[in-house]
Amino acid sequence: MMTLDQNKIASAMQKEISADIASGRVGGAAVLVKQHGKDIFRACFGQSAPGKALEQNALFRLASMTKPITAIATLIQVSRGKLGLDDPITDLLPQFADMWVGELKEDKVVAKEPAKRVLTPRMLLSHQNGLHAGDLGNRQGLGTPEDMQDLAHIVDYFSTMKLDFQPTEAQMYSPTAAFDVCARLVEITSGMDYNTFVTKEIFEPLGM
């Protein structure tokens, strides 16, 4: 394996992050680069609050960390030939064959027009799916406790929802549904429940 050049890493990080801070894109950044189990670059830049320099022991709030894990799990199955990024999910989840884009009428979400495209893993991972992805999705909620008892039931419920937009014709954050569907695809193609899959294939190999 190629050994990273510490000086080049330090120079590149200094340049890129300083530019991000100067442009206002970020207020501060903590960077750690490791190779072969050793730190080869570690530094803090900018501020954690106005007038307060960012320090090594600063605490950060992280959100939606299940999404990169689910994306990795999905791509593992893609790499093994179990899934195709552009395959219709109806090959494995036929209940998604009759999706509709919705609209709001008299404060109710109703069907407007049939979806022009069948959802694919790529659409789900890139937030170009319209599934529980905006005001219409929020109004339809996340179902009943019975709907939420496991991934199979959750995904069945999501298949009944009206889409916020035509797939691939817009992009909007899908906070729950799209990645739950990906997790269900992982279950079906691996023969394992999702928790077992990510534990065996991701967490344990990484010592997480």
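These numbers were taken from a predicted model, which means no experiment stands behind them. Note: hydrogens, waters and symmetry copies are ignored here, and every other heavy atom, side chains too, is used.
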More than 12 heavy atoms from other groups under 6.0 Å of NZ on K82: no

side-chain hydrogen bond (donor to acceptor under 3.5 Å, both in side chains) evaluation trace for Q77 with T189: CA-CA 7 Å; Q77 292 303 86; T189 56; 3.0 Å; yes

Same apolar cluster (I L V M F W Y, side chains within < 4.5 Å links), Y194/L185: no

Pair M161-Q140, side chain to side chain contact (heavy atoms under 4.5 Å, CB included): steps then yes or no: CA-CA 7 Å; M161 297 185 77; Q140 293 172 88; 3.5 Å; yes

hydrophobic_cluster_shared for I76 and L124, side chain cutoff 4.5 Å: no

P167 backbone acceptor or donor facing R117 side chain under 3.5 Å: yes

Any donor-acceptor pair under 3.5 Å from S11 side chain to K8 backbone: no

Value rounded to 0.5 Å, distance of CG in D180 from CE in M148: 6.5 Å

Aromatic centroids of H127 and F179 separated by under 6.0 Å: yes

Spacing of R122 atom CZ and L83 atom CG [to the nearest 0.5 Å]: 12.5 Å

Euclidean distance, K67 NZ relative to I72 CD1, rounded to 0.5 Å: 14.0 Å

Closest approach of P121 to D87 (non-hydrogen atoms, all atoms of both residues): CD-O, 3.2 Å

Donor-acceptor pair between T196 and D193 side chains, under 3.5 angstrom: yes

Full working for salt bridge (Lys or Arg N to Asp or Glu O under 4.0 Å) between E103 and K108: CA-CA 8 Å; E103 64 179 345; K108 291 183 179 181; over 6 Å; no

Evaluation steps, salt bridge (Lys or Arg N to Asp or Glu O under 4.0 Å), between D135 and R139: CA-CA 6 Å; D135 183 51; R139 287 173 181 268; 3.0 Å; yes

Smallest separation among heavy atoms of A73 and V198, with atom names: CB-CG1, 4.2 Å

Donor on one side chain, acceptor on other, E169 and Q128, under 3.5 Å: no

Stepwise side chain to side chain contact (heavy atoms under 4.5 Å, CB included) test for I69 and F203: CA-CA 9 Å; I69 297 298; F203 299 146; 3.9 Å; yes

Side-chain heavy atoms of L85 within contact of T120, under 4.5 Å: no

Closest approach of V155 to V181 (non-hydrogen atoms, all atoms of both residues): CG2-CA, 3.9 Å

Backbone of I40 reached by a side-chain donor or acceptor of Q35 within 3.5 Å: no

Between T144 and Y157: side-chain donor-acceptor atoms closer than 3.5 Å: no

Co-membership, hydrophobic cluster, residues Y173 and F158, 4.5 Å side-chain: no

Within one Ile-Leu-Val-Met-Phe-Trp-Tyr cluster: V101 and I89, side-chain cutoff 4.5 Å: yes

Trace of the side chain to side chain contact (heavy atoms under 4.5 Å, CB included) decision for I154 with D147: CA-CA 5 Å; I154 293 167; D147 294 322; 6.0 Å; no

Salt-bridge criterion met for E113 and K162 (N-O under 4.0 Å): no

Expected output: side-chain S23 to main-chain D20 donor-acceptor under 3.5 Å: yes

Spatial distance of atom CG (L206) from atom CD (E201) [nearest 0.5 Å]: 11.0 Å

Full working for side chain to side chain contact (heavy atoms under 4.5 Å, CB included) between V31 and F41: CA-CA 8 Å; V31 181; F41 178 77; 4.0 Å; yes

Reported OG1-to-CG distance for the pair T70 and L125, which is rounded to 0.5 angstrom: 9.0 Å

Heavy-atom closest contact (G130 atom, F165 atom, distance): N-CZ, 3.2 Å

D156 and H153 side chains, donor-acceptor separation under 3.5 Å: no

Atom NZ of K200: over 12 foreign heavy atoms under 6.0 Å: no

Joint cluster assignment, V186 & M208, ILVMFWY side-chain distance < 4.5 Å: yes

Closest approach of V118 to M123 (non-hydrogen atoms, all atoms of both residues): O-CE, 3.5 Å

F197 side, atom CZ; E187 side, atom CD - distance, nearest 0.5 Å: 10.5 Å

Side chain H132, main chain S174, donor-acceptor under 3.5 Å: no

Main-chain N/O of L131 paired to N129 side chain as donor or acceptor, under 3.5 Å: yes

Heavy atoms of other groups near R25 CZ, more than 12 under 6.0 Å: no

Closest heavy-atom pair and its distance - I17, A29: CG2-CB, 3.8 Å

